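Take a look at the structure set out below.
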2 protein chains.
Amino acid sequence: MSEERMQEALATLKSSGVRITPQRHAVLEYLMHSMNHPTADEIYKALEGKFPNMSVATVYNNLRVFLDIGLVRELTYGDSSSRFDCNTTEHYHVICNSCGKIVDFHYPALDEVEQLAEQVTGFNVSHHRMEVYGTCTDCQENKSH
Amino acid sequence: MSEERMQEALATLKSSGVRITPQRHAVLEYLMHSMNHPTADEIYKALEGKFPNMSVATVYNNLRVFLDIGLVRELTYGDSSSRFDCNTTEHYHVICNSCGKIVDFHYPALDEVEQLAEQVTGFNVSHHRMEVYGTCTDCQENKSH
DNA sequence: TTATTACTTAATAATCTTTATAAATAGTGT
DNA sequence: ACACTATTTATAAAGATTATTAAGTAATAA
């Protein structure tokens with residue numbers, strides 16, 4: 001299942017004329033298989049074992065390549081570092097105010113919002129993003145103690 | 001009109017036991033009267049003339065105070081620095097992919113999304129945010145040349 | 001196969017935003 | 001006016017990201 005997506009992504013890269021290097025492959029693979037929207041640093045740390053000499057810049061470079069092609073999305077929240085999400089299926093995020101946990105949340109796309117925004121502002125709308133904030137179950141329990 | 005909001009904000013500060021210093025007053029005033037969701041640095045630069053010795057830290061300190069009291073909201077987008085919005089009336093933002101312009105967009109609050117998110121994830125939901133992205137009218141024109 | 005070229009990596013420095021620290025200053029209540 | 005404490009200032013420090021440059025590596029053509 002996620003193998004398919006991986007093959008598809010590799011094909012997209014190839015057709016965009018992007019070389020598939022071992023480091024690039026590893027970053028993409030990590031993104032594909034990770035469910036927690038990692039930061040650049042988390043990716044870097046996770047691949048340290050496999051690529052002891054890899055530079056942080058390489059992670060950033062490759063993330064930018066993926067971003068440009070549209071393979072991944074960059075998510076910026078209040079905290080200092082960006083997170084990267086390669087889940088291309090439409091979904092929203094629910095974020096814990098207290099521990100920062102991010103949970104995927106499926107909801108029918110809000111097309112009518114985009115349409116109204118276009119009418120009201122004259123923008124040529126491309127997409128939207130939404131996040132819901134709250135306290136996750138773990139943090140709710142911790143607080144009650 | 002915005003004078004009322006200013007008075008109201010000052011009252012909120014006072015009742016929270018926060019001192020109203022000239023610098024603090026100026027930062028708040030600038031936020032209140034600015035319509036373009038400024039960054040901390042923009043605020044700093046704008047007040048440089050009036051307060052030649054003001055420190056950047058002062059801007060950040062005051063912004064945090066305002067955030068804690070709930071007078072302003074912090075907006076984090078893809079670009080490097082946070083923006084600050086003191087418009088407390090509920091609204092969403094439409095952001096230009098090309099020039100970064102931010103336009104306010106009024107739409108009935110998506111309460112049902114919050115409710116469903118609560119049910120599905122078990123979170124105790126506090127709020128949500130949404131941004132619509134696209135190309136603004138100016139950038140559409142520029143592209144067509 | 002070899003050479004050429006362009007792309008990619010790695011190492012490092014630099015930049016930029018934001019936060020921490022400590023001393024000086026200024027508000028506020030008495 | 002005095003004392004107490006919050007706030008400002010100046011500076012340094014931290015952290016994330018980008019720029020730079022030299023070295024390495026894949027793709028392509030001769």
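Source: prediction; values computed, not measured. Lettering follows sequence order; numbering is per chain, from 1.
Side-chain atoms of Y92(B) and H128(B) include a donor-acceptor pair closer than 3.5 Å.
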Write out a two-atom table: protein N or O, nucleotide N or O from nucleotides 25-30 of chain C, distance below 3.5 Å.
from: dG27(C); atom 1: N2; to: R19(B); atom 2: NH2; distance (Å): 3.2

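Nucleotide dT17(C) holds its P atom 17 Å from the CG atom of N61(B), rounded to whole Å.
Remark: side-chain polar atoms of T76(B) are not paired, donor with acceptor, to backbone N or O of S82(B) under 3.5 angstrom. Between the H25(A) side chain and the T21(A) main chain, no donor and acceptor come within less than 3.5 Å of each other.
Where DNA chain D meets chain B (any atom under 4.0 Å from a heavy atom), the bounding nucleotides read 5' to 3' are dT5(D) to dA10(D).
Not counting sequence neighbours, the partners of E131(B) by the salt bridge (charged side-chain N to carboxylate O under 4.0 Å, His left out) test are R129(A), R129(B).
In this structure, OG on S126(B) lies 10.0 Å from CD1 on I95(A), to the nearest 0.5 angstrom. Taking CZ from F66(A) and CZ from R24(A), the interatomic distance works out to 6.5 Å, rounded to the nearest 0.5 Å.
Residue T39(B) is classed as having no contact, given no heavy-atom separation below 4.0 Å to the nucleic acid. As judged by a 4.0 angstrom heavy-atom cut-off over every strand, D41(B) is placed among residues making no nucleic acid contact.
Using a 4.0 Å cut-off, some side-chain N or O of T58(A) falls inside it from OP1 or OP2 of dA10(C).
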Test L31(A) against V72(A) for side-chain contact (heavy atoms from CB on, under 4.5 Å), laying out the working first.
CA-CA 9 Å; L31(A) 268 170; V72(A) 310; 3.8 Å; yes
